[in-house]
Amino acid sequence: MTGSALVLLPAIALACALSAMAHPLRLSLCEVEYSSERQLLSISLRLFVMDVNEALVFDPNSTALALGKPNESADAQRLLLSYLEDFFRIDANGEKVDLKIKSKRLKGEGDNTALALLFEHRLAPPLRSLAIRNAVFTDLFSDQNNIVYVHVDDASKSLMLTKKTPEHELAF
């Protein structure tokens, strides 16, 4: 082993250790699904709990809100919906969709724990347009990427929304 390799190995080990302690991705996942037969618009949103804590209480490791847990804080849902009101919006046929949480649950563990939210909205056909604004956590992280999958009956489309392009409108 050469001298430079001996110097690089501890640096690589340190970098790996630091990356294992840090949040791995700046990413959220959203699926918007519309079924004209069921007249239902479903919106699922997955957010890393560490990012939610950072946004709501400015501490990624906070356990104060206990989102999605049996001991969830009485203020947790109000704070979450208030944050989403500012950074996440869906308009269907030109009208804002009122976001009411139908279900909320945790998936994963440790730093990779995600909060899965489901919203549902009754919507009579036809669906002519969807405007999606997903700027969650772009106020905190300049490298935040928000992936959005849109499924309307049998057609699908994917979007990547970022701090520079937080909105997109689709016409059907």
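Note that the numbering runs from 1 along the sequence shown for the chain.
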Would you indicate whether the side-chain heavy atoms of [Y] and [X] approach each other to under 4.5 Å?
X	Y	answer
Val148	His168	no
Leu40	Arg122	yes
Leu117	Leu84	yes
Asp111	Met50	yes
Phe119	Leu41	no
Leu80	Ile101	yes

Sequence neighbours left out, what passes side chain to side chain contact (heavy atoms under 4.5 Å, CB included) with [X]? Give chain and number order.
X	value
Ser103	Leu118
Ser129	Asn93, Glu169
Pro166	Ala135

Enumerate the residue pairs fulfilling salt bridge (Lys or Arg N to Asp or Glu O under 4.0 Å) with a member in [range], sequence neighbours excluded, ordered by first and then second residue.
range	value
residues 88-97	Glu85-Lys96, Arg89-Asp91
residues 126-143	Arg133-Glu167
residues 29-50	none

For this session: Output all residues satisfying salt bridge (charged side-chain N to carboxylate O under 4.0 Å, His left out) with Asp154, sequence neighbours left out; order by chain, then residue number.
Result: none
side-chain hydrogen bond (donor to acceptor under 3.5 Å, both in side chains) involving [X] - partner list, sequence neighbours excluded:
X	value
Gln144	Asn146
Ser36	Asp153
Thr162	Thr165

Rounded at 0.5 Å granularity, tell me how far [atom1] in [X] sits from [atom2] in [Y].
X	Y	atom1	atom2	answer
Glu120	Lys100	CD	NZ	13.0 Å
Ser44	Leu29	OG	CG	6.5 Å
Leu45	Leu115	CG	CG	8.0 Å
Ser35	Leu123	OG	CG	10.5 Å
Leu67	Leu106	CG	CG	7.5 Å

For the residue pair [X] and [Y], what are the closest heavy atoms and their distance?
X	Y	result
Phe88	Leu99	CD2-CD1, 3.5 Å
Tyr34	Ala124	OH-C, 3.6 Å
Leu140	Asp51	CD1-O, 4.2 Å

Seminar exercise, completed: Sorted by chain and residue number, the ring-ring contact (aromatic ring centres under 6.0 Å, His included) partners of Tyr83 (sequence neighbours excluded) come out as Phe87, Phe137
Problem set entry | Of all pairs that satisfy side chain to side chain donor-acceptor pair (under 3.5 Å), the ones with a partner from residues 57-80, not counting sequence neighbours | Glu72-Lys104, Gln77-Lys104
